[in-house]
Each structure stands twice: as structure tokens, then as C-alpha cells.
Amino acid sequence: MLVFGEPYEASNGTVIITVSRTGWGRRGERPVGIYSVGAEGVTWTPAVDASWHALIGVCTGFAAAVIGTIAVLRRPPWPEMTERVMTALAQARIAESRHT
């Protein structure tokens with residue numbers, strides 16, 4: 001449910017009305033934005049919750065780091081350097097040099 005605050009008149013004659021949303025439980029009221037009523041007309045300015053945007057950014061970065069780590073651990077970007085692979089590469093080079 002939206003709750004409209006008491007109108008406040010600024011020094012330039014603009015009337016400002018705050019708008020909040022009532023929440024359930026411990027949340028209380030959350031700001032939604034303000035209406036500004038002046039000679040130019042009525043404007044709506046939404047409230048921006050910067051902490052919520054920051055939390056979304058941190059979670060996105062964390063998810064990207066986890067996915068990247070899993071991808072590297074499952075299939076590293078560097079070539080396999082096991083003894084079996086190195087022996088096979090050496091034998092292939094020897095066989096190639098014999099054919100040329």
C-alpha cells in the first residue's frame with residue numbers, strides 16, 4: 001500500500017510530496033519516490049536504492065568468478081603436460097622428421 005507524506009513547500013514555491021510503500025513485518029516503510037508540483041507541472045522522481053544495486057553487482061561478480069573457476073578447473077586453458085602426452089608429442093615429432 002502506498003503512503004503519501006505531508007506536502008512540503010520549498011523556497012522556490014515547489015510543493016514536494018513523498019511517497020512510501022508499507023511493508024509487512026519488520027520492513028516498515030520503503031521510499032518509492034517524490035512528486036514535485038511546481039509552475040512547470042508535476043514531475044515524478046523515483047527513489048533509487050543504491051545498496052540493492054550494489055548487492056546485485058556483488059552477487060553477479062561472485063557468480064562470474066565461481067563459473068570461471070569451475071570452467072578452468074574442469075578444462076584448463078593450458079595444454080596437457082602429462083608424461084603420456086609429452087611422450088606422444090615427442091614420438092610424433094620423430095616420426096614427422098623421418099618422413100621429411
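If you read the sequence from its start, that first residue is 1, and numbering goes on from there.
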Completion exercise
Apart from Ile70 itself, its cluster of hydrophobic side chains linked below 4.5 Å comprises Phe62, Val66
Completion exercise
Separation between CD1 (Ile17) and CD (Glu6), nearest 0.5 Å, reads 9.5 Å
Handout entry: pair Gln91-Thr87: side-chain heavy atoms closer than 4.5 Å
Key = yes
Problem - side chain to side chain contact (heavy atoms under 4.5 Å, CB included) against Thr82, all qualifying residues, sequence neighbours excluded - result: Arg84, Val85
Exercise for the section: Tell me who clusters with Val3, hydrophobic residues only, linked when side chains sit under 4.5 Å apart either directly or through other members. Expected result: none
Donor-acceptor list for residues 34-48 side chains, cut-off 3.5 Å, not counting sequence neighbours:
none

Exercise for the section: With sequence neighbours left out, write down each residue that passes side chain to side chain contact (heavy atoms under 4.5 Å, CB included) with Ile56, or none if nothing qualifies. Expected result: Trp52, Thr60
Exercise for the section: Identify the two heavy atoms, one from Ser20 and one from Val32, that lie closest to each other, and give their separation to 0.1 Å. Expected result: C-CG2, 3.8 Å
Practice task
Report the residues that fulfil ring-ring contact (aromatic ring centres under 6.0 Å, His included) with Phe4, sequence neighbours left out, ordered by chain and then residue number.
Solution key: none
Exercise for the section: Go through the structure and list residues passing side chain to side chain contact (heavy atoms under 4.5 Å, CB included) with Thr69, not counting sequence neighbours. Expected result: Leu73
